[in-house]
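These notes concern the structure reproduced below.
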Amino acid sequence: MNRNEIIKYLKGADTKELFAEADRVRKAFVGDSVYLRGIIEFSNYCCQDCLYCGLRRENSKITRYRMTLDEIVASAKKAVELNIPTVVLQSGEDNFYSVGDLCSVVKEIKKFNLAVTMSIGERSYDDYCKLKEAGADRYLLRFETSDEELYAKLRPGKKFSQRLQCLKWLKELKYQAGSGIMVGLPGQSMESIADDILLFKDLDLDMIGIGPFLPHPNTPLAQNKSIELDLVLKVIALTRIVTENTHIPATTAVGTLDSQGRQKALKCGANVIMPNITPTKYRKYYEIYPDKICVDEDATKCRGCVEGMILASGRKVGVGFGHSLK
Ligand code: 5AD
Ligand code: SF4
Ligand code: FES
């Protein structure tokens, strides 16, 4: 599909054929299994100030927390008990944890025979290298938007080129690399979303996370509106069709935008779900966007919930790590 065709679909109202085609491509290239990735949100401190994000450093209304290294390892152990083969260690950009600390956590978790995904933002090449040596398998770093001007506006002091550099390093170091975007950012054009989708293909990513931008009241973008679910689903569907054999999660954000959002995403290209396994007492503070789902539940509840969702969608829970299909 070329850029003009992608733009036509993004702007068009006819979704039925597009979603059916995305579902066919998903089935042909990645099958019926839906892989689970248990997410551990281990710190909500962040030294960045992204205009869209509730964890931004300027947000003084948020209660900050950091899990201890032992608590992080204990949460990963919970993943083993719940038969979740991958954990994602996610935080704001928090330099409180030295790379040595993080490496020791990764090493402990690898003893449980889990796949480990890091999602801790921009770090040095050296840090990425050490984490890989410690056993981290994958890394998630969304580029958020490929519109360089918009990127610079939304992430003060940061440059899109640096983001790409990080992704290139991660690939060079043989991580399974994931990226992604938010859909519905203020000032984001359909043309730029088409470029995002083509960039996914270009970067030859293993995983692609796509979620709606959800305005957070304690950020400068509070006054913006959230977008229609259909646009997010169209971006997921087009990404599936263009990139074919990538892992695409039905994100928590799409489940927050619409109570059936994740189920719908599974039907138009998605093949991964990320149940939250953060200890319940911390969940409500990891408020990247408002009204996030699963805040009062615990790991066992979310594990059961996503399994029910997968089976009700006529799919099966993936067995094994669900590594890159490339
Ligand atoms: N709405 C939706 N997603 C958001 N993120 C950050 N802020 C928001 C928001 N207000 C996403 C970014 C980031 C990921 C961890 O969360 O894409 O990469
Ligand atoms: Fe920090 Fe990430 Fe939020 Fe930006 S999006 S403020 S880097 S947690
Ligand atoms: Fe957490 Fe449904 S996934 S309650």
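Remember, it's 1-based here, ligands and their atoms both numbered in the order they're listed.
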- Note on the structure: atom 4 (Fe) of ligand 2 has as its nearest protein heavy atom Cys50 SG, 2.3 Å
- Query: What part of Arg57, side chain from CB on, backbone N/CA/C/O, both or neither, has a heavy atom under 4.0 Å from ligand 2?
  - Reply: neither
- Pick one of side chain, backbone, both or neither for how Ala253 approaches ligand 1, counting any non-hydrogen atom pair under 4.0 Å. neither
- Given Glu144, Glu287, His216, which has its nearest heavy atom closest to atom 17 (O) of ligand 1? Glu144
- Message: Below the 3.5 angstrom mark, is there an N/O of Leu214, backbone or side chain, next to an N/O of ligand 1?
- Response: yes
- Should one rank Gln90, Arg142, Met182 by closest heavy-atom distance to atom 4 (C) of ligand 1, which comes out on top? Met182
- Task: Measure the distances from the heavy atoms of Met309 to every atom of ligand 3 and state whether one is below 4.0 angstrom.
- Result: no
- Is Asn276 near ligand 3, meaning one of its heavy atoms is under 4.0 Å from it? no
- Take atom 1 (Fe) of ligand 3 as the vertex and measure to SG of Cys294 and SG of Cys302; round to 10°. 100°
- Query: Which atoms of ligand 3 have any heavy atom of Glu297 under 4.0 Å away?
  - Reply: 4 (S)
- Message: Quick check on atom 4 (Fe) of ligand 2: does Cys53 put an N/O/S atom closer than 2.8 Å to it?
- Response: no
- Message: Pairs of nitrogen or oxygen atoms closer than 3.5 Å, one from Tyr289 and one from ligand 1: do any exist?
- Response: no
- ligand 1 atoms in contact with Pro212 (distance to a heavy atom under 4.0 Å): 1 (N), 2 (C), 3 (N)
- Which heavy atom of Ala194 sits nearest a heavy atom of Ile7, and at what distance? CB-CG1, 3.6 Å
- Does Cys46 approach ligand 2 within less than 4.0 angstrom via side chain, backbone, both or neither, non-hydrogen atoms only? side chain
- Message: Let's go through Tyr97 and Phe42 carefully: what are the C-alpha distance in whole Å and the side-chain angles of both, what is the deciding distance for ring pair (Phe, Tyr, Trp, His ring centres under 6.0 Å) to 0.1 Å, and is it a yes or a no?
- Response: CA-CA 11 Å; Tyr97 300 88; Phe42 68 91; 5.1 Å; yes
- Item | Polar side-chain atom of Glu71 near backbone of Thr68 as donor-acceptor pair, under 3.5 Å | yes
